[in-house]
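Residue numbers start from 1 in every chain, and the chains themselves are labelled A, B, ... in the order their sequence lines are given, proteins ahead of strands.
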There are 2 protein chains.
Amino acid sequence: MSNLADGMEDYLKKLLTLSASGYIDIKRKELAGKFNCVPSQVNYVLETRFTLEKGYLVESKRGGKGFVRIRKLQASLENLLDMFVQDIITGRISDDRARGLIQRLYDLKYISLRESRLMEAALDSLNIIKDKSLQETLRGWLLKDMLLMLIKFA
Amino acid sequence: MSNLADGMEDYLKKLLTLSASGYIDIKRKELAGKFNCVPSQVNYVLETRFTLEKGYLVESKRGGKGFVRIRKLQASLENLLDMFVQDIITGRISDDRARGLIQRLYDLKYISLRESRLMEAALDSLNIIKDKSLQETLRGWLLKDMLLMLIKFA
DNA sequence: TTTATACTTTGACTATCTTTGACCTTTTAT
DNA sequence: ATAAAAGGTCAAAGATAGTCAAAGTATAAA
């Protein structure tokens, strides 16, 4: 008998393969109910099994009619991401490295010239931050959020 | 099945696109009746979805023959500058206003959908900053740098 | 077999978004 | 003036989801 987390993982992955849209929407509480566990267990499964490195994107909304949406990335995007995931998940990234990644995205025709410049401009704005540590952290988030946005609407 | 507020938002936006005059007049109580909710729900939708920053103007009148008028502002650069002059001067801007500006730039066809999303993603990343003051300042720079870049390479 | 380490499960507390209702103000009709 | 007919405000309640750290379990190393 496998554990709860593995069971929930399998269940969600199965739903995903059955889904035509490439994503599924679930209710955290309902899912927890189905597996007879606390709702936060769902978060655990999402955090450990449906990560970016593994090719998944998770979005959610709170409040009435809220949801958790799990999206399976296309293989091509996964490959692309593989190159950056390491930088992204460490959470911090140097300016040079960040600009290198943007250049790479452009070379791969994944973003337009204007888009690359937009991303670079965003990086520029971080230069007014005195605290170098905060700067690196923020740069990591900036890059990650922009990249995820591109992927989400690919 | 989406929630009440989203449904009402969609309904009103649809009416707006169908309207030749550029605005629609509704009766708060009637609308609430159609959606089977309390009248103040209408206010909630107006306050969260039809704000000035998002390019809408809401006027109303009480008493007999009362109404609520929702107008989609036509975007123009002049218009935009007027609306955001204060932010530009102070160099600080709230999240809502920043997103509104981006939306308006997109309405104006100054930026593409992807570009607008990139800019929004950049804004997202600032949310990890605890210090609200620093956050507002940084947001100002971020927006300014991205905007200048767009202009420079227009 | 014990111990150390990694993985899983739980629950209390928090954050966010939505819905409702009681009470308030303005405008019009008589 | 007054009553009737709108619309407005605000705070509480409801509906979800997120975080974090403690407690429980399984696995690997000694």
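A:F153 and A:I111 are not part of a single hydrophobic cluster, where members link through side-chain heavy atoms under 4.5 Å apart.
In terms of the side-chain hydrogen bond (donor to acceptor under 3.5 Å, both in side chains) criterion, residue partners of B:D25 (sequence neighbours excluded) are, by chain and number, B:R69. A search for side-chain hydrogen bond (donor to acceptor under 3.5 Å, both in side chains) contacts involving A:D6 returns A:R49, not counting sequence neighbours.
Looking at B:S60, its side chain has no donor and acceptor atom pair within 3.5 Å of the base of D:dG7.
The ring-ring contact (aromatic ring centres under 6.0 Å, His included) contacts involving residues 128-148 of chain B comprise nothing, where partners must be two or more places apart or lie in separate chains. For residues 86-122 of chain B, the set of pairs meeting the ring-ring contact (aromatic ring centres under 6.0 Å, His included) definition, not counting sequence neighbours, is empty.
Using a 4.0 Å cut-off, some side-chain N or O of B:R49 falls inside it from OP1 or OP2 of C:dT18. Look at A:Y44 and you'll find a side-chain N or O under 4.0 angstrom from OP1 or OP2 of C:dT8. A:K27 has a side-chain polar atom (N or O) that falls below the 4.0 Å cut-off from OP1 or OP2 of D:dT16.
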Under-3.5 Å N/O pairs linking protein and nucleotides 24-29 of chain C:
from: C:dT25; atom 1: O4'; to: B:R62; atom 2: NH1; distance (Å): 3.3
from: C:dT25; atom 1: O2; to: B:R62; atom 2: NH1; distance (Å): 2.6
from: C:dT28; atom 1: OP1; to: B:K61; atom 2: NZ; distance (Å): 2.6
from: C:dA29; atom 1: OP1; to: B:K65; atom 2: NZ; distance (Å): 3.3

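What separates CG of A:D10 from P of C:dT8 is a distance of 12 Å, to the nearest Å.
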For residues 31-47 of chain A, tabulate all N or O donor-acceptor pairs below 3.5 Å that involve a side-chain atom, not counting sequence neighbours.
from: A:K34; atom 1: NZ; to: A:Y11; atom 2: OH; distance (Å): 3.2

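Here B:N43 lies in heavy-atom contact (under 4.0 Å) with a base.
Considering only the side chain of A:S40, D:dT19 comes nearest among D:dT19, C:dT8, C:dT18.
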